[in-house]
**Student:** 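Sending over a structure as structure tokens; questions will come in a sec.
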There are 2 protein chains.
Amino acid sequence: MQITRETDYAIRCMLYIAASESGSAVVGDISEAQSVPRTFAAKIMQKLQRAGLVKSKRGVKGGYFLTREPSEISLLDIIEAIEGPLSLNICVVDKNSCDRVSQCSVHPIWVELRDIFAESLKRYTLKDLINLNTP
Amino acid sequence: MQITRETDYAIRCMLYIAASESGSAVVGDISEAQSVPRTFAAKIMQKLQRAGLVKSKRGVKGGYFLTREPSEISLLDIIEAIEGPLSLNICVVDKNSCDRVSQCSVHPIWVELRDIFAESLKRYTLKDLINLNTP
DNA sequence: TTTTTTAGGATTATTTTTCTCCTATTTTCT
DNA sequence: AGAAAATAGGAGAAAAATAATCCTAAAAAA
Ligand code: SF4
Ligand code: SF4
């Protein structure tokens, strides 16, 4: 019931880019500053790009930059970019995974809790997290 | 970011005992009724017992029974019995796991979210879940 | 054209999850 | 007492998920 290391790394990476002066950063710098293994960081950035949270520019003076304002990128966005749709139990996201769904009294609870949890995660944006560091 | 299959099984097992006429059930019946592999169910019941949620009686006419009223056993109780203390990121439950804790702006968020989530899970008890089935 | 930097597929290593097996012990019933 | 029913618990195997690594290609700027 925890986010994965990969997701934690992704949040760190996004935070680094958001907090950077220029608004963009190369994988090498992100990796070093946030203690994320270099090649793993590269993979993570690719996922974030496919999810549309960042874009890249190749070559000298290239790097990754955010596609939206830090205030418009929430923890939920980052988590779902890495882990896929948020759910607290397999049956919430894939009804075929369990043949008890139709008669299960717990299933609706997981659906409801997912929404509550998602709302909480939406409330925290990159901007909030940067401000906590440099008030 | 999901509960494990084991935890889902544990909830089913508890629910079966709580809903049973006699208030107790043997592993074989629980396993069959809830489609939980027999030996795995036995292991799960042991964990639940160590957590103090059930007690067992050996021998003929034995089985497992709840130590508290169904209205006094919450989803959080069951989840923590199986998975250990609830946390959404490793650093919440083990501060030594990450040497960035002291300077990390995300860490306090995970602590806060854990509490919100735990509260939500506390609100659902076995009694609520049984009533949903047989209103 | 050279250097910098991302893109992406293939692959490996590690850890966690999901079980199974076997033997011991306790309790009840006959 | 003895047989049967049931949990207790350790050891460990199989499968899946996580956490990386490696290598080659492609793009863009200088
Ligand atoms: S038993 Fe209920 S809660 Fe568990 S996976 Fe199936 S539908 Fe979901
Ligand atoms: S980086 Fe922050 S949130 Fe992530 S594990 Fe470390 S302390 Fe926790």
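So that the names make sense, note that chain A is the first sequence line, chain B the second, and so on, each numbered from 1. Atom set for the values below is all heavy atoms of this structure, side chains included, hydrogens, waters and symmetry mates excluded. Since we're looking at a predicted model, the values are computed, not measured.
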**Student:** Can you measure B:Y64 atom OH to C:dT27 atom C1' for me and round it to whole angstrom units?
**Tutor:** 14 Å
**Student:** Take A:G62 and A:M1, find for each the nucleotide of DNA chain C with the closest heavy atom, and name the residue whose nucleotide sits nearer the 5' end.
**Tutor:** A:G62
**Student:** Just how far is it from atom CE of B:M45 to atom CZ of B:R50, taken to the nearest 0.5 Å?
**Tutor:** 12.0 Å
**Student:** Output yes when at least one side-chain N/O atom of B:Q46 is less than 4.0 Å from OP1 or OP2 of D:dT7, else no.
**Tutor:** no
**Student:** Taking any heavy-atom pair under 4.0 Å as a contact, classify B:G63: base, sugar-phosphate, or nothing.
**Tutor:** sugar-phosphate
**Student:** Within this structure, what is the CG-to-P distance between B:D8 and C:dC19, rounded to whole angstrom?
**Tutor:** 11 Å
**Student:** So does A:I3 get a backbone contact from the side chain of A:E83, meaning a donor-acceptor N/O pair under 3.5 Å?
**Tutor:** no
**Student:** Starting from the 5' end of DNA chain D, give me the residue, A:G59 or A:P37, whose nearest nucleotide shows up first.
**Tutor:** A:P37
**Student:** In whole angstroms, how far is the C1' atom of D:dA14 from the CZ atom of B:R5?
**Tutor:** 16 Å
**Student:** What's the closest nucleotide to the side chain of B:R58 if the choices are D:dT7, C:dT28, D:dA30?
**Tutor:** D:dT7
**Student:** Compare side-chain N and O positions of B:Y9 against OP1 and OP2 of C:dT18 and report whether any pair is under 4.0 Å apart.
**Tutor:** no
**Student:** Answer with yes or no whether the hydrophobic clustering places A:F40 together with A:L48; edges join I, L, V, M, F, W, Y residues whose side-chain heavy atoms lie under 4.5 Å apart.
**Tutor:** yes
**Student:** Please tell me which of B:F40 and A:K57 maps to the more 5' nucleotide of DNA chain C, matching each residue to the nucleotide holding its nearest heavy atom.
**Tutor:** A:K57
**Student:** Looking only at side-chain atoms of A:V26, point me to the closest of D:dC22, C:dT20, C:dT6.
**Tutor:** C:dT6
**Student:** What's the NZ-P distance between B:K47 and D:dT7, to the nearest Å?
**Tutor:** 18 Å
**Student:** Determine: side-chain N/O of B:S56 to OP1/OP2 of D:dT7, distance under 4.0 Å, yes or no.
**Tutor:** no
**Student:** Nearest to the side chain of B:V60, heavy atoms from C-beta on, is which of C:dT3, C:dG8, C:dT28?
**Tutor:** C:dT28
**Student:** Just compare D:dA8, C:dC21, D:dG10 and give me whichever is closest to any side-chain atom of B:T39.
**Tutor:** C:dC21
**Student:** Rounded to whole Å, how long is the line connecting atom CD of B:Q2 with atom P of C:dT18?
**Tutor:** 10 Å
**Student:** Which value, rounded to the nearest 0.5 Å, describes the distance between A:L86 atom CG and A:D115 atom CG?
**Tutor:** 9.0 Å
**Student:** Given atom CD of A:Q49 and atom P of C:dT5, what is their separation to the nearest angstrom?
**Tutor:** 16 Å
**Student:** Could you check how far NZ of B:K61 sits from P of D:dA6, rounded to whole Å?
**Tutor:** 11 Å
**Student:** Whole angstrom is fine here: how far is it from CD1 in A:I90 over to C1' in D:dA17?
**Tutor:** 12 Å
**Student:** Please determine, for the side chain of A:T4, which listed nucleotide (C:dA7, D:dA19, C:dT4) has the closest atom?
**Tutor:** D:dA19
**Student:** Name the nucleic acid region contacted by B:E6, choosing base, sugar-phosphate or nothing; use a 4.0 angstrom heavy-atom cut-off, strictly under.
**Tutor:** sugar-phosphate
